Amino acid sequence: MALIDELANLLGDNLLLDDEARHSRARDTWPRSEFDQWQGQLVLPVAVAVPSSTEQLAATVQLCRFHGVPMIPRGAGSGCVGGVLASSDSVVISTERLSGLRWLDPTDGLAAFGSGTMGIAAENRVREDGFTIGHWPQSIEVSSVGGWMATRASGQYSTAYGNIEDIVYSVEAVLPDGSIYQSRPTPRASAGPDLRELLLGSEGTLGVITEVTLSLRPLPEPGVRQAFHFDNMGAGIEAVRSVIVPGWRPPVVRLYDAVESRRHFRNHLPKGRCMAIFLHEGPPGHAALEGAAVAELCQEAGGEPADSGAVDHWFEHRNAVPTWTELFEQGLVADTIEVATGWGRLDQLYTAVIEAISAVPTVIAATAHTSHAYQSGANLYFTFAAQPSDPDQYQSVYDACWSAAMQAATDCGAGISHHHGIGRVRRPWLTDELGNAGVGVLRAVKSALDPQNLMNPGVLIPD
C-alpha cells in the first residue's frame with residue numbers, strides 16, 4: 001500500500017503496524033465495541049500513526065487525505081459512546097506522543113499541554129506550582145486533555161469551576177486539509193464567532209486537537225464535607241435548587257436516588273432515603289461560610305444531616321468502576337446515560353427515563369443521580385443493567401435501553417447528552433437536539449472542512 005510506505009518514510013518509529021498496536025487502539029470503551037472485542041469480532045485499522053509533533057501530525061493528515069484514506073483521531077480511548085472505532089481501511093491517528101507540559105505562566109495562571117497528556121499527569125504537574133485545573137472527570141487517570149476538549153467533557157468539580165469549555169483558554173489543532181489552526185490566547189474576544197467552539201465537542205470530525213492551554217486556579221485551602229438525606233428525589237432536587245439559585249457554588253454537589261444511595265452509602269443513611277453530598281472549598285474562609293449556608297438550606301428543605309464520612313467514602317471510591325467485559329462475563333448488559341434539563345422538569349425527567357428503561361424486557365435495574373448543577377438546571381446520570389438469557393440478545397437489549405432513554409428524554413424536552421458526547425450511540429437523536437436547521441449547519445461545516453468525509457466518518461453527524 002503506497003500510503004503505508006509514505007507514512008513509514010515520514011514517521012519512522014512513529015508508525016505502528018503490529019497487531020497488538022492496531023488492536024489496542026482500534027476503539028474506545030463503548031460497550032458495543034467492547035462486546036465485539038469480547039466476541040473476537042473487533043475490526044483493526046490498517047495502521048496507527050503516533051506523531052511526535054504537530055507538524056508531523058499535519059503531514060500525516062495531508063498524506064491520508066491525498067490517498068483518500070479515512071482517519072480516526074484518538075486520544076487515550078476512554079470515551080464511551082463510540083467516538084473511536086476503526087474501519088479496516090482506516091488509519092488511527094493517536095495523540096499519545098504529543099504529551100507533557102509545554103509552558104506554565106504563574107502570573108496569568110495558564111498552562112499549555114500537548115493534547116495527549118493524561119489528565120492526572122496534567123493535574124499533578126500544575127499542583128507542583130500551587131495550582132489546580134479544576135477539571136476532575138471520573139476518567140481523569142485514563143483520559144487526555146485533548147480528549148476532554150474533543151468530547152466537551154465535564155468534571156466532578158464543575159459546579160464551581162465550570163466544564164472544559166470554561167477552562168480552555170486557547171487551542172491548537174490540525175484541520176482536515178492538514179493546515180494548523182491556533183486560536184488567539186486572550187481571556188475574551190469579540191472577533192466574530194469563537195472558532196474554538198468548532199473543536200469543542202467535535203469528536204475528531206473537524207480536526208485533531210494537538211495542544212490545549214488551560215486556565216488554572218490556585219490550590220484551595222482544605223475543604224468542608226457534609227451530607228444530607230431526603231425523602232425522595234423530588235425533595236432532594238428542590239434542596240439542591242435552593243442552594244444553587246441564590247449563588248452558592250459547592251464544587252461537588254451530588255444527589256443520589258434511593259437505590260444508588262443504598263448502593264453507595266448503606267452505612268450512612270436509612271434505607272429508602274436519597275443522599276446528597278457536598279464539598280465546599282475555595283479561598284480562605286469561603287468553605288466554612290458556604291458550608292453553613294448550604295446546611296441551613298438543606299435542612300429547611302427537609303434534609304436530615306448525615307455522617308460526613310459518607311463524603312469521605314465517596315472520595316475514596318469515586319473512580320472505581322468495573323469494566324464492561326467483567327459485566328458481560330456475569331451475564332449483564334449495562335451502561336450509563338447522562339442528560340440535562342431545567343429545574344422545573346428534572347424530577348419529571350427522572351421518573352420518565354427510569355420508567356422507560358425499566359419497561360425494557362430483562363432490565364433488572366435503572367437508577368440515577370445528579371452530579372452537575374447550574375443556575376437554571378442540572379444533569380441526571382442514569383445507570384441501567386439488564387440480564388438477557390442469551391448473549392445473542394446483548395446488543396438488541398442494549399440498543400432498546402438506549403432508545404427508551406433517549407425517547408423519554410426528548411419527550412421531556414431534555415438535552416440528550418450532558419458530558420459524554422454523541423459518538424455513534426446518540427447520533428440518531430442529534431436532530432432532536434439541534435433541529436433540522438442545526439444539523440444542516442453542522443453538515444455544511446463538515447462538508448466545507450472535510451469534503452471527502454475522511455475525518456472520523458460515522459461519528460456525531462446523522463446520516
Side-chain angles (χ1 to χ4, degrees), residues 1-19 21-28 30 33 36 41-75 77 79 82-98 115-116 146 150 172-181 198-199 201-210 422-424 427 430 439-463:
M1 187 177 183
L3 172 62
I4 298 302
D5 293 337
E6 293 175 29
L7 287 175
N9 288 333
L10 170 69
L11 298 172
D13 292 341
N14 290 340
L15 182 67
L16 309 179
L17 301 172
D18 61 283
D19 286 349
R22 292 185 298 137
H23 190 278
S24 63
R25 296 166 177 82
R27 63 175 182 88
D28 59 10
W30 186 28
S33 53
D36 288 341
Q41 299 175 350
L42 188 67
V43 174
L44 302 186
V46 172
V48 177
V50 286
S52 56
S53 69
T54 298
E55 292 71 24
Q56 204 173 58
L57 194 151
T60 299
V61 168
Q62 291 166 359
L63 282 175
C64 289
R65 187 183 189 195
F66 177 80
H67 288 277
V69 171
M71 295 163 275
I72 315 299
R74 186 181 190 275
V84 175
L85 188 60
S87 58
S88 60
D89 61 343
S90 67
V91 171
V92 170
I93 301 179
S94 171
T95 61
E96 62 198 72
R97 294 185 183 173
L98 301 177
S115 63
E172 176 191 86
V174 174
L175 302 180
D177 65 353
S179 61
I180 299 172
Y181 165 72
L198 288 179
L199 296 167
S202 62
E203 302 185 31
T205 62
L206 302 178
V208 185
I209 295 164
T210 53
I422 299 300
R424 286 172 169 80
R427 192 168 61 128
L430 192 63
V439 170
V441 170
L442 191 56
R443 287 194 182 116
V445 172
K446 173 69 169 173
S447 179
L449 293 179
D450 184 16
Q452 296 171 271
N453 191 29
L454 298 177
M455 194 69 77
N456 217 9
V459 170
L460 181 63
I461 303 171
D463 293 331

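Just so we're clear, the structure is a prediction, and the values are computed from it rather than from any experiment.
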*Answer yes or no: is there a donor N or O on one side and an acceptor on the other, between the side chain of R25 and the main chain of A21, under 3.5 Å?*
yes
*With the side chain counted from C-beta on, respond yes when I180 and T54 share a heavy-atom pair under 4.5 Å apart, and no when they do not.*
yes
*Side chains of L3 and V91 in contact at under 4.5 Å (non-hydrogen atoms)*: yes
*Could you state the interatomic distance from CD1 (I422) to OG (S202), rounded to the nearest 0.5 Å?*
12.5 Å
*Can you check whether A47's main-chain N or O pairs, donor with acceptor, with R22's side chain at less than 3.5 Å?*
no
Between side-chain atoms of residues 453-463 and protein atoms elsewhere (two or more places apart, or another chain), which donor-acceptor pairs fall under 3.5 Å?
unit_1, atom_1, unit_2, atom_2, d
N456, ND2, G83, O, 3.0
N456, ND2, E203, O, 2.8
D463, OD1, R427, NH1, 3.1

_CG on D177 to CZ on R65, rounded to 0.5 Å_ = 5.0 Å
*Which heavy atom of P51 sits nearest a heavy atom of S94, and at what distance?*
CD-O, 3.5 Å
*Would you say the side chain of L430 lies within less than 4.5 Å of the side chain of L442, judging by non-hydrogen atoms?*
yes
*Which heavy atom of V92 sits nearest a heavy atom of A86, and at what distance?*
CG2-CB, 4.1 Å
*asked:* Set out, in order, the CA-CA distance, both residues' side-chain angles and the distance that settles side-chain contact (heavy atoms from CB on, under 4.5 Å) for I72 and L85, then state yes or no.
replied: CA-CA 7 Å; I72 315 299; L85 188 60; over 6 Å; no
_Value rounded to 0.5 Å, distance of CD in Q452 from NE2 in H67_ = 12.0 Å
_Which atom of A58 lies closest to which atom of V174, heavy atoms considered_ = CA-CG1, 3.7 Å
_Less than 4.5 Å apart, side chain to side chain, heavy atoms only: is that true for T210 and L57?_
yes
*Do the side chain of S115 and the main chain of I209 share a donor and acceptor less than 3.5 angstrom apart?*
yes
_Quick one, D450 and T205 - any side-chain contact, counting heavy atoms below 4.5 Å?_
no
*Would you say the side chain of Y181 lies within less than 4.5 Å of the side chain of L199, judging by non-hydrogen atoms?*
yes
*Hey, does V50 have a side-chain heavy atom less than 4.5 Å from the side chain of L16?*
yes
*asked:* Within the 4.5 Å heavy-atom criterion, are S33 and Q41 side-chain neighbours or not?
replied: no
*Would one find more than 12 heavy atoms of other residues, nucleotides or ligands at under 6.0 Å from atom CG of D5?*
yes
*Over all atoms of both residues, closest heavy-atom pair of P73 and V208*: CG-CG2, 3.8 Å
*Looking only at heavy atoms, which two atoms of A26 and L42 are closest? And how far apart?*
CB-CD2, 4.1 Å
*Taking atom CG of N9 and atom CD1 of I4, what is their separation to the nearest 0.5 Å?*
11.5 Å
*Output every pair passing side-chain hydrogen bond (donor to acceptor under 3.5 Å, both in side chains) with a member in residues 55-64, not counting sequence neighbours, ordered by first then second residue.*
N14-Q56, S52-Q56
